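Keep in mind it's a predicted model, so treat the numbers as computed, not measured.
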Amino acid sequence: QGSAFTISQASFDPQLFALGACGSKLSNVVDAQDPRCAKATYLGTIVPCSDNGNDDKECKRIGKDALFEVHPAMVNWPDDHDFRVHELQLNSVWMIANFGGGSSYSAEE
């Protein structure tokens, strides 16, 4: 049975915790979209845990634990839903924390 999953490039842009005067509360001085509010975008390739070269069982355990922590009802869903755990293999990080544009860094940096 083949996988319908064909897109392998991805980026992950988490909302960082509000720092200092950054955020969405009325009491905050700086809008969260202001360049002075630090942001990072993680870019890489999505691969199934079985293709990652690491411990397949550990990768799947971590992935499922994270999923079920956020969506506990899914623990009891039938096995035929065929969930597959994937991970993001990081290639680079783009960051901005001030005016003048962001910077890219390799995964090694």
Quick check on the hydrophobic clustering: are M95 and Y42 connected, directly or via other members, by side-chain heavy-atom contacts under 4.5 Å? yes

Search all heavy atoms of V85 against all heavy atoms of K60 and return the closest pair with its distance. CG2-O, 4.0 Å

Hey, what do you get for CH2 (W94) to OH (Y105), rounding to the nearest 0.5 Å? 10.5 Å

CG on N91 to OG on S104, rounded to 0.5 Å: 11.5 Å

Give a yes or no on this: more than 12 heavy atoms of other residues, nucleotides or ligands lie within 6.0 Å of atom CD of E109. yes

Same cluster for L67 and W77 if Ile/Leu/Val/Met/Phe/Trp/Tyr side chains link at under 4.5 Å? yes

Any side-chain heavy atom of R61 within less than 4.5 Å of one from D65? yes

Rounded at 0.5 Å granularity, tell me how far CG in L90 sits from CD in E108. 8.5 Å

Are F99 and I96 connected into the same hydrophobic cluster when the rule is that any two of I, L, V, M, F, W, Y join if their side-chain heavy atoms are below 4.5 Å apart? no

Report, as yes or no, whether the 6.0 Å neighbourhood of atom CG on D80 holds more than 12 heavy atoms from other residues, nucleotides or ligands. yes

For the atom pair CG (L43) and CD (Q89), what is the distance rounded to the nearest 0.5 Å? 14.0 Å

Do the non-hydrogen side-chain atoms of P48 and R84 ever get within less than 4.5 Å of each other? no

